[in-house]
Amino acid sequence: MGADQIPFLDLVTPHRQLEEELVSVFRNAIRSAAFVGGPMVETFEREFADFCGARHSVGVANGTDALRFAIMAAGVRPGDTVVTVPNTFIATTEAISQAGARPDFVDIDARSYTLDPNKLRQYLETCCVKDPRSGRTIHTSTGSPVTAVIPVHLYGQMADMDPIVELAQEYGLTIIEDACQAHGAEYFSARDQQWRKAGSMGAAAAFSFYPGKNLGACGEAGAVTTNDETIARRCRMLRDHGQSKKYFHDIEGYNGRLDAIQAGILRVKLRHLAEWNAARRQAARRYDEALSGCDGVEVPFVPEYSRPVYHLYVVRVPNRDQLQIELSQEGISAQLHYPVPLHLQKAYEQLGYREGKFLVTESVTRQILSLPMFPTLTAEQQARVIDAVRVGVSRQQAAV
Ligand SMILES: *Cc1c(COP(=O)(O)O)cnc(C)c1O
């Protein structure tokens, strides 16, 4: 098959197109021997903060570090409970645990696949009480203070932030956005009467620049964005062994700094991010047009408030596993994000969740399939994917 294969993601073409510029980043780094931190990192931080409409950005080693530092810097304490969704990559909950806190879940919305604000309200009203003395929100059965919520902007679409912000204010929760899949995604905030970018709405937000993300390094990298000077300063300390200045450690921190070479590479690629996101949107539009009328296929739901950047293009079909096999027989790579919800992962057995606890996530998880999606995906490639999906799904419909 070879040339006929349609990859899930093409990482080679964009790097070939930018090869000269990327190589010169490396050459300059070698000549100055500035490998970690330094002016290249600071310039990228400035540019990325501007891109997100946030006041500060702090470059770190990866998205998981970004989440952990954001959680810690925003004031979450060991023993606290931090609420997120079960339909996300495990890094979201790893970061909560690594900060010494306890992850807990609320279910997602059945159409947007992101945190359901009504479920969050229900959780706060029925599983928590307000401590009359401190005013803090306490989880009734564990006695742990619920201090933060992490909405995940999944597949490139922002969570419904306005009602989450309102609940967070009412219950004294800090919002940390997991924006690792949402570089450039936008949300129309009716409260603010304006479009807001991912990374500008929470107390802090975490981004990953893992190579496959909408903005990816040539290796590992991440960033925290925030409008809060104190949180930014704490993140800078946490990433660098808790130093306030060289060899003066105010706290214990981590080695979580951003490489200068990666920062330089990210600067080159950031200049193309808007155009790459536009290409993803165009590809999504072509999929939408061809598949939205197709019986048995549910295309991604885009609420009025959302301008997504399609990190992934995820359809919902009745027999997902069979369709994935049939696509692969046609040389098309489709993938699962994610096959097992976090509350049912072996790593979280000790949390004691059973199947049936988060029904929306569980049913969505069984039916979602991520189709090939990347900026250089061609209309011809998409036509083949669309044909194969149509044929596969209509065969399934006929068999029922
Ligand atoms: C990629 C990703 C992360 C983690 O980022 P790394 O850079 O791989 O550590 C966290 N959350 C979500 C939703 C992600 O997609």
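Quantities reported herein were computed from a predicted structural model and do not represent experimental measurements. Heavy atoms only: backbone and side chains are in, while hydrogens, waters and symmetry mates are out.
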Can you check whether [X] reaches [Y] side chain to side chain, under 4.5 Å on heavy atoms?
X      : Y      : answer
Leu291 : Val393 : no
Phe69  : Val58  : no
Val309 : Arg281 : yes
Tyr313 : Val385 : no
Thr93  : Gln345 : no
Gln322 : Arg395 : no
Val85  : Leu342 : no
Thr114 : Tyr155 : no

Nearest-0.5 Å distance, [atom1] of residue [X] to [atom2] of residue [Y]:
X      : Y      : atom1 : atom2 : value
Arg239 : Leu258 : CZ    : CG    : 7.5 Å
Phe35  : Ile30  : CZ    : CD1   : 6.0 Å
Ile96  : Ile150 : CD1   : CD1   : 4.0 Å
Thr81  : His139 : OG1   : NE2   : 6.5 Å
Asp160 : Asp109 : CG    : CG    : 8.0 Å
His241 : Arg257 : NE2   : CZ    : 4.5 Å

Main chain of [Y], side chain of [X]: is a donor-acceptor contact present, judged purely on distance under 3.5 Å?
X      : Y      : result
Tyr187 : Asp162 : yes
Ser57  : Glu45  : yes
Asp228 : Ala74  : no
Arg384 : Ile332 : no
Gln193 : Ala190 : yes
Asp295 : Ser394 : no
Asp259 : Gln262 : no
Ser306 : Val302 : no
Gln381 : Thr378 : yes
Glu177 : Met201 : yes

Minimum heavy-atom separation for [X] and [Y], please, with both atom names.
X      : Y      : answer
His343 : Arg354 : CD2-O, 4.0 Å
Met158 : Glu186 : SD-C, 3.7 Å
Ala70  : Val224 : CB-CG1, 4.1 Å
Asp10  : Pro14  : O-CD, 3.5 Å
Val389 : Val297 : CG1-CG2, 4.1 Å
Val146 : Val83  : CG1-CG2, 3.8 Å

Requested in this report: Could you walk me through whether Thr225 and His56 pass side chain to side chain contact (heavy atoms under 4.5 Å, CB included), step by step?
Outcome: CA-CA 6 Å; Thr225 57; His56 313 276; over 6 Å; no
Report task. Could you please spell out the steps behind the side chain to side chain contact (heavy atoms under 4.5 Å, CB included) verdict for Phe48 and Leu215? Result -> CA-CA 11 Å; Phe48 190 65; Leu215 177 63; 4.0 Å; yes
Taking atom [atom1] of [X] as the centre, does the number of heavy atoms from other residues, nucleotides or ligands within less than 6.0 Å exceed 12?
X      : atom1 : result
Gln169 : CD    : yes
Arg286 : CZ    : yes
Lys119 : NZ    : yes
Arg55  : CZ    : no

Query - Side-chain ion pair, Arg271 and Glu47, N-O less than 4.0 Å - result: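 Looking at Arg271 and Glu47, the cut-off is not met.
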**Report entry** Ionic contact status for Glu355 with Arg366, cut-off 4.0 Å
**Finding:**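 Salt bridge present between Arg366 and Glu355.
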**Report entry** Derivation of the side chain to side chain contact (heavy atoms under 4.5 Å, CB included) call for Leu323 and Gln396
**Finding:** CA-CA 9 Å; Leu323 184 61; Gln396 288 179 14; 3.9 Å; yes
Query raised in the report: Step by step, would you call Met72 with Arg234 a side chain to side chain contact (heavy atoms under 4.5 Å, CB included)?
Result: CA-CA 8 Å; Met72 297 175 82; Arg234 285 190 192 143; over 6 Å; no
Report task. Take His337 and Phe8 through the ring pair (Phe, Tyr, Trp, His ring centres under 6.0 Å) test and state the conclusion after the steps. Result -> CA-CA 12 Å; His337 301 90; Phe8 181 68; 5.6 Å; yes
Requested in this report: Take Tyr123 and Asp104, measure what side-chain hydrogen bond (donor to acceptor under 3.5 Å, both in side chains) needs, and give me the verdict at the end.
Outcome: CA-CA 10 Å; Tyr123 172 90; Asp104 205 354; 2.8 Å; yes
Query raised in the report: Would you say the side-chain atoms of Ser244 and Asp250 include a donor-acceptor pair closer than 3.5 Å?
Result: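 On atom types as modelled, these side chains qualify, holding a pair under 3.5 Å.
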Query raised in the report: Is the closest side-chain donor-acceptor distance between Asn214 and Tyr310 under 3.5 Å?
Result: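 Side chains of Asn214 and Tyr310: no pair found under 3.5 Å.
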Query raised in the report: What class does the angle between the rings of His183 and Phe207 fall in, given that below 30° is parallel, 30 to 60° is tilted and above 60° is perpendicular?
Result: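 Judged by the thresholds at 30° and 60°, the geometry between His183 and Phe207 is tilted.
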**Report entry** Option passing side-chain contact (heavy atoms from CB on, under 4.5 Å) with Thr361 (candidates Asp107, Asp116, Val106, Thr88)
**Finding:**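 Filter result, single survivor: Asp107.
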Query raised in the report: Hey, which of Arg191, Arg196, His153 is the one that makes side-chain contact (heavy atoms from CB on, under 4.5 Å) with Met161?
Result: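 Of Arg191, Arg196, His153, side-chain contact (heavy atoms from CB on, under 4.5 Å) with Met161 is met by His153 alone.
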Query raised in the report: Is the distance between the ring centroids of Tyr210 and Phe89 under 6.0 Å?
Result: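 Between Tyr210 and Phe89, the centre distance exceeds or equals 6.0 Å.
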Query - Phe51 six-ring centre to Lys197 NZ/CZ under 6.0 Å and within 45° of normal - result: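 Yes, Lys197 sits over the ring of Phe51.
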Query - Verify same cluster id: Val76, Ile251 (apolar side-chain graph, 4.5 Å) - result: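 Each belongs to a different hydrophobic cluster.
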